Amino acid sequence: MAKIIQERNKCIGCGACVSVCPSMFEMSEDSKATLKNSKENSGNLELETADADCAKEAADVCPVKIIKIQK
Ligand code: SF4
């Protein structure tokens with residue numbers, strides 16, 4: 001299992017994560033991306049998943065590097 005963390009308050013809404021990983025990220029009405037099915041923790045969004053491959057791609061393309069994968 002891996003934990004995906006999105007520091008959502010720092011998101012600049014570029015949409016890159018949604019382009020490469022639409023199964024896990026979507027754009028929300030406030031023009032920031034949201035990690036789907038996640039829980040809020042200390043201002044971040046977190047999701048435990050067995051398959052983080054797509055999220056890793058999202059982390060790579062995020063220009064402000066606010067998507068983190070913890071093993
Ligand atoms: S790639 Fe990063 S900055 Fe761009 S929408 Fe996704 S989380 Fe926000």
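Since the structure is predicted, the reported quantities are computational estimates derived from the model, not experimental observations. Note that these values count all heavy atoms, side chains included, but never hydrogens, waters or copies made by symmetry. Read the numbers this way: they start at 1 and go in the same order the structure lists the ligands and their atoms.
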Non-hydrogen side-chain atoms of [X] and [Y] separated by less than 4.5 Å:
| X | Y | value |
| --- | --- | --- |
| Cys54 | Met24 | yes |
| Arg8 | Ser28 | yes |
| Cys17 | Ile67 | yes |
| Lys71 | Lys3 | no |
| Phe25 | Leu35 | yes |
| Ile66 | Cys11 | yes |

What protein N, O or S atoms come within a distance below 2.8 Å of atom 8 (Fe) of ligand 1, ordered by chain and number?
-> Cys11 SG
